[in-house]
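Okay, so here's the structure we're looking at.
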Amino acid sequence: MEVVEDRFRPREVDSDDRDAMEAMQLEVADAAAFEDATEVTPESIRSGESTVAGVDQAFPGGRAVSAAVVLRGGEVIERTSAVRSQPMPYVPGLLAFREGPPVIAALESLEVEPDLLIFDGSGRIHYREAGIATHAGVCFDTPSIGVAKSLLCGRPRGPTDELPAGETVSIEADDSMSAPEGTVVGHAYQSRQFPESKRINPLYVSPGHRLSAATAVACLSACGGEYKLPRPVRLADQYADELKSEV
DNA sequence: GCGACAG
DNA sequence: ATCTTGTCGC
């Protein structure tokens with residue numbers, strides 16, 4: 001696939017360009033659509049009408065490896081990867097500049113044009129509403145979803161402990177975010193739960209681009225997977241681990 | 001100054 | 001995310 005908004009392409013930069021990176025994120029958020037503007041639906045995903053790509057990273061040694069796995073109707077139809085040296089160090093809120101370069105490169109090398117991108121990390125649940133899912137989604141102008149295993153910012157509207165499988169709790173903007181306080185920026189989503197044992201933390205799902213928070217959750221459940229992570233992301237995770245050993 | 005902090 | 005073996009439990 002191809003980057004259509006090159007001005008937003010995350011560059012390998014020094015961590016001292018913080019102001020420039022934050023300024024770009026505000027522009028990315030401004031260009032993003034946090035409502036449904038796509039043909040992708042849970043039904044189109046299940047039927048195989050839409051293709052879905054899961055993306056994840058690994059950091060063997062000092063390098064960054066990104067893996068992308070594309071599925072159609074539950075079947076893997078393509079896999080790609082990319083490696084980058086000297087990734088910027090991790091800074092909360094600036095993840096897109098650390099992981100973005102290899103992520104964009106891996107997606108650019110895909111033959112297939114995915115209809116939906118799913119990332120390991122936040123989308124709109126971000127200080128400036130521009131997590132990596134939003135940033136990459138806007139670069140390709142492709143519908144995207146952020147799936148995080150922990151909460152970067154924002155505040156759950158209710159308890160997220162002991163949520164039954166399939167249940168959701170809204171995440172609203174807090175005063176650390178550029179979004180008006182109280183704006184629903186995503187959902188805690190209990191993708192899996194076990195009968196009586198130790199409780200599992202929910203996933204924190206947020207719109208990346210061209211999808212609403214509610215549709216994002218519905219699309220994730222349509223992606224399937226017997227584990228906590230949606231299958232496309234789980235497969236990308238495993239592929240990244242596999243590549244880590246080879247590199 | 002203190003606490004929070006995707007991967 | 002990464003450094004890392006075995007181990008407790010369903």
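Note on naming: letters A, B, ... go to the chains in the order of the sequence lines (proteins, then strands), and numbering restarts at 1 for each one. As the structure is a computational prediction, the values presented were derived from the model and not from experiment.
At a threshold of 4.0 angstrom between heavy atoms, the contacts of A:Gly93 include nucleobase atoms, whether or not backbone atoms are also involved. Base contact: A:Tyr90 has a heavy atom under 4.0 Å from a base atom. Residue contacts shown for A:Ser150 are limited to sugar-phosphate atoms, with no base heavy atom under 4.0 Å away. When heavy atoms are screened at a 4.0 angstrom cut-off, A:Ile132 is found touching base atoms of the nucleic acid.
Minimum atom distance to the side chain of A:Ala58 is reached by C:dT2, of the listed C:dT2, B:dC5, B:dG7. Here the nucleotide nearest the side chain of A:Lys244, chosen from C:dT2, B:dC5, B:dA6, is C:dT2.
No option in A:Asp141, A:Thr142, A:Thr38 other than A:Asp141 meets the side-chain hydrogen bond (donor to acceptor under 3.5 Å, both in side chains) test with A:His209.
Phosphate proximity of B:dA6 to A:Lys149: absent, as no side-chain N or O sits under 4.0 Å from OP1 or OP2.
A:Asp237 and A:Arg234 are not joined by a salt bridge, as no carboxylate oxygen comes within less than 4.0 angstrom of a charged side-chain nitrogen. The pair A:Asp120-A:Lys149 does not meet the salt-bridge criterion, since no charged nitrogen lies less than 4.0 angstrom from a carboxylate oxygen.
Rounding to whole angstrom units, NE2 of residue A:His126 and C1' of B:dG7 are separated by 12 Å. For the pair A:Arg98 CZ and B:dA6 P, the interatomic distance rounds to 13 Å; values are reported in whole Å. Atom-to-atom, CG of A:Asp241 to C1' of C:dA1 comes out at 11 Å; the value is rounded to the nearest Å. Put simply, CD on A:Gln25 is 14 Å from P on B:dA6, counting in whole angstrom units. When the P atom of B:dA6 is taken as reference, atom CG of A:Leu94 falls 12 Å away, rounded to whole Å. The nearest whole Å value for the distance from the CZ atom in A:Phe59 to the C1' atom in C:dT4 is 19 Å. If you take CG of A:Asp56 and P of B:dA6, they are 15 Å apart, rounded to a whole angstrom.
Residues A:Ile145 and A:Ile125 fall into different hydrophobic clusters, defined by Ile, Leu, Val, Met, Phe, Trp and Tyr side chains chained together at heavy-atom separations under 4.5 Å.
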